[in-house]
Amino acid sequence: MEKLPVMDPNVDDYIRNHSNWQKELTLLRKLVLETELTEAWKWQAPCYTLNNKNVVMIAAFKNDCVLSFFKGPLLNDPENLLVAPGENSRTFRVVRFTDARQITKLKSKLKFLIQQAIEAERSGKQVETKQGPDEFPVELQTKLKEDPRLKKAFEALTPGRQRAYVMHFAAAKQSKTRTARIEKFAPRILDGKGMNDCVCGLTQKPPGCDGSHNQK
């Protein structure tokens, strides 16, 4: 008997709460669950893992919904479907959708990318980036050495969230300002949140903050 995928109820709620993208999110979820990946709930969004390692995510935004790949640069993408979600994205790549018909049309190509992502994770391959410990502000390096809990929490963040923090801390010209920024955001990091993630729990567009807390 074929084993049915375990579906996280948080993902059900996520899809229901994004009424504009319910059909698209449902199709993407079904597509991913046809593989061996396990559905999980991380960073207030649906995440799919292999042996507890993050492989892909699905998410809805104001103008589109996306299928995200944690190790996008490792994938063979002959159709050029993958794009970087931001100019500073080192490892993440996404495929964007504005209509369910796009997902249906690209189903075989998307499954090809997902299967590659699974094999890349299974192989243990890592995306080569230019960023190294020497690019971390010395204040951040020191803080992570002093606080093992903070170090573990920082390393558990997605590469994009790590990169955003590093850029923000390093942008300060004075050491005391860099230290102040690190101390300010330490509670967020310990809570597994990125710089722009919602911390009040009121946002209608997780994981980001949409300002809903200002309406209370």
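Just so you know, residue 1 is the first one in the sequence shown, and it goes up from there.
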Do [X] and [Y] sit in one hydrophobic cluster, given that two such residues count as connected whenever their side-chain heavy atoms are within less than 4.5 Å of each other, even indirectly?
X      : Y      : result
Val138 : Phe154 : no
Phe112 : Leu27  : no
Leu106 : Tyr48  : yes
Ile114 : Leu33  : yes

If you compare all heavy atoms of [X] against all heavy atoms of [Y], which two are closest, and at what distance to 0.1 Å?
X      : Y      : result
Ala120 : Leu74  : CB-CD1, 4.2 Å
Leu157 : Gln162 : O-NE2, 3.1 Å
Leu144 : Lys151 : O-CB, 3.4 Å
Ala40  : Val11  : O-CG2, 4.3 Å
Leu25  : Ala60  : CD1-CB, 3.9 Å
Met57  : Ala45  : CE-CB, 3.7 Å

Check the pair Lys71, Thr91 against side-chain contact (heavy atoms from CB on, under 4.5 Å), reporting the backbone distance first and the verdict last. CA-CA 5 Å; Lys71 297 182 178 179; Thr91 61; 5.8 Å; no
How far does [atom1] of [X] sit from [atom2] of [Y], to the nearest 0.5 angstrom?
X      : Y      : atom1 : atom2 : value
Trp21  : Asp64  : CH2   : CG    : 6.0 Å
Lys184 : Thr177 : NZ    : OG1   : 12.0 Å
Leu28  : Cys65  : CG    : SG    : 5.5 Å
Ser68  : Arg96  : OG    : CZ    : 8.0 Å
Leu37  : Glu121 : CG    : CD    : 9.5 Å
Asp77  : Lys109 : CG    : NZ    : 11.0 Å

Run the salt-bridge test on [X] and [Y] with the 4.0 Å N-O cut-off and return the result as yes or no.
X      : Y      : answer
Arg29  : Glu34  : no
Lys152 : Asp147 : no
Arg178 : Glu139 : yes
Arg101 : Asp99  : yes
Arg161 : Asp197 : yes
Arg16  : Asp13  : yes

Would you say Asn51's side chain and Lys53's backbone share a donor-acceptor pair under 3.5 angstrom?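 Here the side-chain-to-backbone pair does not exist.
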Taking His18's backbone N and O only, do any of them form a donor-acceptor pair with Gln22's side chain (distance below 3.5 Å, no angle check)?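 Judged by distance alone, no pair lies under 3.5 Å.
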If you apply the rule side-chain contact (heavy atoms from CB on, under 4.5 Å), what do you find for Leu110 with Leu31, and how did you get there? CA-CA 8 Å; Leu110 296 173; Leu31 187 68; 3.6 Å; yes
Give me the ring orientation class for Phe185 and Phe169: parallel if the planes are under 30° apart, tilted from 30 to 60°, perpendicular past 60°.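 Rings of Phe185 and Phe169: tilted, as their planes differ by 30° to 60°.
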Enclosure of Lys143 NZ (heavy-atom neighbours >12, cutoff 6.0 Å):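 No, not enclosed.
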Taking the six-membered ring for Trp, are the ring centroids of Phe70 and Phe92 within less than 6.0 Å of each other?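 For Phe70 and Phe92, the ring centres are under 6.0 Å apart.
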Pair Trp41 and Tyr14, ring centroids less than 6.0 Å apart: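 Yes, close enough.
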Dump the intermediate steps for salt bridge (charged side-chain N to carboxylate O under 4.0 Å, His left out) on Arg122 and Glu36, then the final yes or no. CA-CA 12 Å; Arg122 182 177 282 118; Glu36 62 191 280; 2.4 Å; yes
Quick one: do Ile189 and Tyr165 satisfy side-chain contact (heavy atoms from CB on, under 4.5 Å)? Show the steps, please. CA-CA 9 Å; Ile189 296 172; Tyr165 277 125; 3.7 Å; yes
side-chain contact (heavy atoms from CB on, under 4.5 Å) between Leu82 and Leu113, worked out: CA-CA 9 Å; Leu82 299 171; Leu113 290 173; 4.2 Å; yes
